[in-house]
Trainee: 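Pasting a structure below so you can have a look.
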Amino acid sequence: MSRIAYVNGAYVPLRSASVSIMDRGFQFADSIYEVWAIRGGRMFDTEAHMTRLQRSLAELRITPPMSEASLMAVMRETMRRNRVSDGIVYVQVSRGAASRDHVFPAPGTAPTIVVTAKNLDRAAIAKRAAAGIKVISAPETRWRRRDIKSVNLLPNVLARQGAKEKGAFEAWFVDEHGLVTEGTSSNAWIVDSNGVLRTRELSFDILHGVTRGAVLKIAQERQMKVEERPFTIEEAKTAREAFITAASNAATAAIEIDGVRIGDGKPGSVTEALRAAYLGA
Ligand code: PDD
């Protein structure tokens, strides 16, 4: 089955789908994106991702290309045309195509919108969660508005490649105070040596992860000891448990950080319980 993308009003074969070389997403990373997970045909955290997409657009003063209802209809049609039941829907909106100039283009320049959807290997994701992942630390080198889900992802790409080359799945950025900000495409959590579930508080320093918010709510409802407070990479290495949250990976245990084994080297009970609750298992 050939895949289909939605580009600026038309459904086109992914192979031939394209945007202009003058697109500001390509020229300047002047573009935002959003990712929804679909499991068993069900879209997770639908409204929260839509709200964050609108917020990213507003923060960068990019004109929304269409109403939320229309966008949802396009997303559902893209999923349908690609027969996605377990995977992701991806939306990217840039400030549009215009002659290269750092200053915003003329008012009325149409934003570029692209929607794609693909199935992911459900068995591989489950296997990864069951085994747990390895994490490495990396210096925080990103800009200071990480709360905006922009495609300005070069530091994330480099850190993630660094992780792969060391046999790890994710890299955790560490700020100038030795505190973990987040992963390259996930939020970072620990169950500290006192048994307190911790993740960094919301600020410009991290993406306000939708899965983070959902997992936090579950933990609070279960009256777990939770603190939105940053932790050092050293605290993470001596934690009882560590895990990541992201749309595509739900809550997934980290069993090794910089070669140091976490807990007994297997996904911990808190992580497992939160993952199961989030997935509705
Ligand atoms: N990444 N932090 C960063 C830097 C991210 O890129 C992501 C998501 C998250 C987790 O956010 P959420 O729970 O809303 O997915 C945290 C997406 C999935 C991606 O880049 O593909």
Side-chain angles (χ1 to χ4, degrees), residues 1-20 23-26 28-57 59-60 62 64-97 110-122 124-125 146-154 156-157 160 170 182-187 207-212 214 244-250 252:
M1 189 194 81
S2 62
R3 288 182 58 200
I4 301 293
Y6 174 89
V7 185
N8 294 332
Y11 292 94
V12 290
L14 191 76
R15 262 180 279 111
S16 53
S18 63
V19 296
S20 167
D23 195 89
R24 293 179 64 93
F26 179 63
F28 300 115
D30 190 359
S31 191
I32 62 95
Y33 73 108
E34 196 51 62
V35 180
W36 286 255
I38 295 106
R39 297 181 185 90
R42 174 184 151 212
M43 194 183 277
F44 275 64
D45 302 319
T46 313
E47 291 80 25
H49 284 283
M50 186 61 84
T51 301
R52 188 172 65 189
L53 176 95
Q54 301 298 344
R55 180 179 180 276
S56 296
L57 289 171
E59 287 296 318
L60 297 186
I62 295 175
M66 60 180 79
S67 69
E68 277 186 30
S70 300
L71 178 56
M72 194 48 69
V74 169
M75 287 162 57
R76 295 218 178 267
E77 180 61 12
T78 308
M79 278 167 61
R80 192 188 68 76
R81 289 188 187 225
N82 290 283
R83 296 190 199 145
V84 173
S85 55
D86 286 278
I88 54 166
V89 182
Y90 174 89
V91 174
Q92 186 181 153
V93 181
S94 85
R95 203 181 305 278
T112 298
I113 174 157
V114 170
V115 181
T116 57
K118 67 176 176 185
N119 281 300
L120 293 175
D121 185 344
R122 192 179 181 171
I125 293 170
R146 303 159 201 148
D147 57 308
I148 301 169
K149 199 161 172 61
S150 84
V151 301
N152 181 3
L153 290 171
L154 191 50
N156 310 53
V157 166
R160 187 62 163 274
E170 180 59 300
E182 63 180 331
T184 65
S185 63
S186 59
N187 289 110
L207 185 74
H208 300 183
V210 168
T211 321
R212 174 195 177 282
I244 61 166
T245 54
S248 47
N249 283 292
T252 293

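Just so you know, these numbers use all the heavy atoms, side chains as well, and skip hydrogens, waters and symmetry mates. All values reported here derive from a predicted model rather than from experimental measurement. Residue numbers count from 1 along this sequence.
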Trainee: When you measure from the side chain of R52 to the backbone N and O of H208, does any donor-acceptor pair fall under 3.5 Å?
Mentor: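 Yes, the answer is positive, given that a donor and an acceptor are paired below the 3.5 Å cut-off.
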Trainee: Assess whether side-chain contact (heavy atoms from CB on, under 4.5 Å) is satisfied between H49 and V35, documenting all intermediate values.
Mentor: CA-CA 7 Å; H49 284 283; V35 180; 5.8 Å; no
Trainee: Show the numbers, then the answer: is there a side-chain contact (heavy atoms from CB on, under 4.5 Å) between R212 and E182?
Mentor: CA-CA 11 Å; R212 174 195 177 282; E182 63 180 331; over 6 Å; no
Trainee: Per the side chain to side chain donor-acceptor pair (under 3.5 Å) rule, what does the pair list look like for residues 65-74, sequence neighbours excluded?
Mentor: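 For residues 65-74: S67-S70.
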Trainee: Which value, rounded to the nearest 0.5 Å, describes the distance between R24 atom CZ and L60 atom CG?
Mentor: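 The CG atom of L60 is 11.0 Å from CZ of R24, to the nearest 0.5 Å.
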Trainee: Quick one: do E77 and V115 satisfy side-chain contact (heavy atoms from CB on, under 4.5 Å)? Show the steps, please.
Mentor: CA-CA 10 Å; E77 180 61 12; V115 181; over 6 Å; no
Trainee: Can you check whether G40's main-chain N or O pairs, donor with acceptor, with D86's side chain at less than 3.5 Å?
Mentor: yes
Trainee: If you measure only the distance, is there a donor-acceptor pair under 3.5 Å linking the side chains of E170 and S186?
Mentor: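 Yes - a donor-acceptor pair under 3.5 Å links their side chains.
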Trainee: Check whether any side-chain heavy atom of L207 lies under 4.5 Å from a side-chain heavy atom of K149, and answer yes or no.
Mentor: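 Contact flag for L207/K149 side chains = yes.
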Trainee: Grab the two heavy atoms, one from P64 and one from L57, that are nearest each other, plus how far apart they are.
Mentor: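 Heavy atoms of P64 and L57 come nearest at CA-CD1, 4.0 Å.
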Trainee: Report all side-chain donor-acceptor pairs from residues 4-12 shorter than 3.5 Å, counting only partners two or more places apart or in another chain.
Mentor:
{"unit_1": "Y6", "atom_1": "OH", "unit_2": "G9", "atom_2": "N", "d": "3.2"}
{"unit_1": "N8", "atom_1": "OD1", "unit_2": "I113", "atom_2": "N", "d": "2.8"}

Trainee: Compare all side-chain heavy atoms of I62 with those of D30 and state whether any distance is below 4.5 angstrom.
Mentor: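 Yes; the side chains approach each other to less than 4.5 Å.
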Trainee: Heavy atoms only: give me the nearest I38-M79 pair and the separation to one decimal.
Mentor: CG1-CE, 3.8 Å
Trainee: Considering all heavy atoms of both residues, which atom of A48 and which atom of V210 are nearest to each other, and what is their separation?
Mentor: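 Residues A48 and V210, closest heavy atoms: CB-CG1, 3.6 Å.
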Trainee: Out of curiosity, M75 CE to T46 OG1, how far, rounded to the nearest 0.5 Å?
Mentor: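 It is 7.5 Å, given to the nearest 0.5 Å.
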Trainee: For residues L153 and Y33, determine if any side-chain heavy atom of one lies less than 4.5 Å from a side-chain heavy atom of the other.
Mentor: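 L153 reaches Y33 side chain to side chain.
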Trainee: How long is the span from the CG atom in N249 to the CG atom in N187, to the nearest 0.5 Å?
Mentor: 12.0 Å
Trainee: Identify the residue among R55, M72, E34 that makes a side-chain contact (heavy atoms from CB on, under 4.5 Å) with M50.
Mentor: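 Answer to the side-chain contact (heavy atoms from CB on, under 4.5 Å) test with M50 among R55, M72, E34: M72.
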Trainee: Are any non-hydrogen side-chain atoms of V89 and V84 less than 4.5 angstrom apart?
Mentor: no
Trainee: Can you check whether G25's main-chain N or O pairs, donor with acceptor, with D23's side chain at less than 3.5 Å?
Mentor: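 Pair found, side chain donor or acceptor close to backbone of G25.
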Trainee: Roughly how far, to the nearest 0.5 Å, is the CD1 atom of I32 from the CZ atom of R95?
Mentor: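 The CZ atom of R95 sits 10.5 Å away from the CD1 atom of I32.
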Trainee: Could you pull out the closest heavy-atom pair between S2 and R15, with the gap in Å?
Mentor: CB-NH2, 3.6 Å
Trainee: Can you name the nearest heavy-atom pair linking N119 to S85, along with the distance?
Mentor: OD1-N, 3.0 Å
Trainee: R76: which residues meet the side-chain hydrogen bond (donor to acceptor under 3.5 Å, both in side chains) condition with it, sequence neighbours left out?
Mentor: none
Trainee: Roughly how far apart are E47 CD and W36 CH2, rounded to 0.5 Å?
Mentor: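 Result: 10.5 Å between the selected atoms.
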Trainee: Say you draw a straight line from OG of S56 to CG of D147; how long is it, rounded to the nearest 0.5 Å?
Mentor: 8.0 Å
Trainee: I need the minimum non-hydrogen distance between R160 and S185, along with the two atoms involved.
Mentor: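 Heavy atoms only, the tightest pair is NH1-OG, 2.9 Å.
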Trainee: Could you go through the side-chain contact (heavy atoms from CB on, under 4.5 Å) check for L53 and L71 one step at a time?
Mentor: CA-CA 11 Å; L53 176 95; L71 178 56; 3.4 Å; yes
Trainee: Could you check whether any side-chain N or O of D45 sits under 3.5 Å from a backbone N or O of T211, counting only pairs where one atom can act as donor and the other as acceptor?
Mentor: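 Between the backbone of T211 and the side chain of D45 there is no qualifying donor-acceptor contact (under 3.5 Å).
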